[in-house]
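One structure is given below, encoded as structure tokens.
Start at 1 with the first residue, then count along the sequence. Every heavy atom of this structure was used, including side-chain atoms; hydrogens, water molecules and symmetry mates were not.
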Amino acid sequence: MTSLGLFALVLALATLTGLFNARILRLPLTIGVLLLSLVVSVGLSVADWVLPLHTVHALQTLLTQIDLPTTLMEGALAFLLFAGAQGVDLGALFARKFSVLALALLGTLLAVVVFAAGAWGIFTLVGLNVPLAWCVVLGAILAPTDPVSVVGMLRRLGLPAQVQALFAGESLFNDGVGVVIFTVALEVAHHAHPVSALRLAEAFTTEVGGGLLVGLVGGWLARKAFALSQDPQLDLLISLTLCTGTYSLCTAWGLSGPIATVTAGLCMAAPATQRRITEQGRKNLHVFWELVDEVLNAMLFALIGFQVLALSFSRALVVAAALAIPLAIIARLLSVLLATLPVYLRGQDRMGVLAVLTWGGLRGGISISLALGLPESPMRAPLLAVCYCVVVFTILVQGLTIAPVVRKFHPS
């Protein structure tokens, strides 16, 4: 099947599940699409077991052709992060800059450590021999919150502006940090390379710092280009060039593409840049990037739902996955508490902020893509199964119950 055919098929699946959700379930679009995709996947598996028609095998072949890790990490992610950055309140984000930095850096590292230690104990308990180094890889996969899930959720909730900025800022930046930790951890686990604090610091400085620099330079150049342009169509081309160019350059240079794209998106959303864009251009850009965000979200969550067809579970893996879900929540709670306590959680709303940040720590497509991109080894199956169950739980359960949590701690 051609690339256009694959795109059309995924778009059709997202459209059909979206229509059913809109008419029957009436859940948030991405959550409804994911739930229906899961139901269809399980139904097809049961039907194929009762009356073998090789339908599941055909869909597994199709999922292999789509190659979700490459599709997301080298394609859709740049657009999703860039679109998400457009909706951030920069004033509120700057007011909480130290909290965002603490959550994105220290919080992600703490989440990796806590989850890795707990996962190693769980795998040992259920009789699965998963070395600690691979548990660190799993911790890195599940540590970042997903901006696709979180930023879309924030639009529906009446959180205070500063809490929204804290939430969105962390979710947009910590995936880049998580990818850096994942790369180093995988190098250690898969190739048995020793790692030192110096190696980790070097990776962070090079990839994260380099990504920030590329994003800032790209944002500055785009601002100059907007000042020269008085054409709304040309404004759109400039934004697309900024989004794709920063991500592609960082990927080619071994830097953090996600960090660069978020930085560039924030630069474009800055008032100094917006003043250089025509009024019609600003309207067009808002509509275009909102549309991109919605369409790619729906397609991504449809793919996540159908990925269950590519997994295999044993009794021990089911138990491990069930235990990993509360572990992920505990790791999130401890990482948020320890990372933000010195810089933010001092006011009267500290418990409310802690509760919302913890329960709203959804995982999503980035975690699934990192897990699917693991090299072939005996460790791939258990890590992928646990990752998938944790991601689905956070989206379906936490995503559907975050609104009552917000209303309890932040009543409007």
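At a threshold of 4.5 Å between non-hydrogen side-chain atoms, the residues P131 and W120 do not count as touching. Counting heavy atoms from C-beta outward, I366 and L77 have side chains that approach closer than 4.5 Å. Counting only heavy atoms from C-beta outward, the side chains of L186 and W134 approach each other to under 4.5 Å. Between L29 and E294, some side-chain heavy-atom pair lies under the 4.5 Å cut-off. I395 places none of its side-chain heavy atoms less than 4.5 Å from the side chain of R363. Side-chain contact between V33 and I304: absent, with no pair of heavy atoms (C-beta onward) separated by less than 4.5 Å. A heavy-atom distance below 4.5 Å is found between the side chains of C243 and W289. Residues L93 and V88 meet the side-chain proximity criterion, which asks for heavy atoms closer than 4.5 Å.
Other residues, nucleotides and ligands place no more than 12 heavy atoms under 6.0 Å from the NZ atom of K224. Atom CH2 of W359 has more than 12 heavy atoms from other residues, nucleotides or ligands within 6.0 Å.
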Problem - Intermediate values then yes/no, side-chain contact (heavy atoms from CB on, under 4.5 Å), I141 and L374 - result: CA-CA 10 Å; I141 289 172; L374 288 169; 4.2 Å; yes

Problem - Test side-chain contact (heavy atoms from CB on, under 4.5 Å) applied to L300 and L80, step by step - result: CA-CA 10 Å; L300 173 61; L80 289 167; 4.2 Å; yes

Problem - F288/L240 under side-chain contact (heavy atoms from CB on, under 4.5 Å): CA gap, chis, key distance, verdict - result: CA-CA 10 Å; F288 174 79; L240 283 168; 3.8 Å; yes

Handout entry: Step-by-step side-chain contact (heavy atoms from CB on, under 4.5 Å) determination, V10 to F306
Key = CA-CA 10 Å; V10 176; F306 284 106; over 6 Å; no

Using a 3.5 Å cut-off and no angle test, enumerate the donor-acceptor pairs between side-chain atoms of residues 106-117 and protein atoms at least two apart in sequence or in another chain.
residue : atom : partner : partner atom : Å
T108    : OG1  : A104    : O            : 2.7

Without placing hydrogens or testing angles, list every side-chain donor-acceptor pair under 3.5 Å for residues 263-276, not counting sequence neighbours.
residue : atom : partner : partner atom : Å
T263    : OG1  : I259    : O            : 2.7
T273    : OG1  : R223    : NE           : 3.1
T273    : OG1  : C267    : O            : 2.8
Q274    : NE2  : M268    : O            : 2.7
R276    : NH1  : A272    : O            : 2.5

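Under the side-chain contact (heavy atoms from CB on, under 4.5 Å) criterion, W253 pairs with V214, L249, L255, not counting sequence neighbours. By the side-chain contact (heavy atoms from CB on, under 4.5 Å) test, A385 pairs with F313, L317, sequence neighbours left out. The side-chain contact (heavy atoms from CB on, under 4.5 Å) check on E279 picks up R282, K283, with sequence neighbours excluded. L105 meets the side-chain contact (heavy atoms from CB on, under 4.5 Å) test with L101, V177, F204; sequence neighbours excluded.
When L38, V392, V40 are each tested for a side-chain contact (heavy atoms from CB on, under 4.5 Å) with V308, only one passes: L38. Checked against L354 for a side-chain contact (heavy atoms from CB on, under 4.5 Å), the options L357, T358, V356 give a single hit: T358.
Side-chain N or O atoms of S41 include one that pairs as donor or acceptor with a backbone N or O of G305 at under 3.5 Å.
With no hydrogens or angles considered, a side-chain donor-acceptor pair links D235 and S229 at under 3.5 Å.
Put simply, CG on L285 and OG1 on T278 are 8.0 Å apart, with the number rounded to the nearest 0.5 Å. Note that the CD atom of Q233 and the CD atom of Q280 stand 8.0 Å from one another [nearest 0.5 Å]. Taking CG of L221 as the reference point, atom CG of L216 lies at 11.0 Å (rounded to 0.5 Å).
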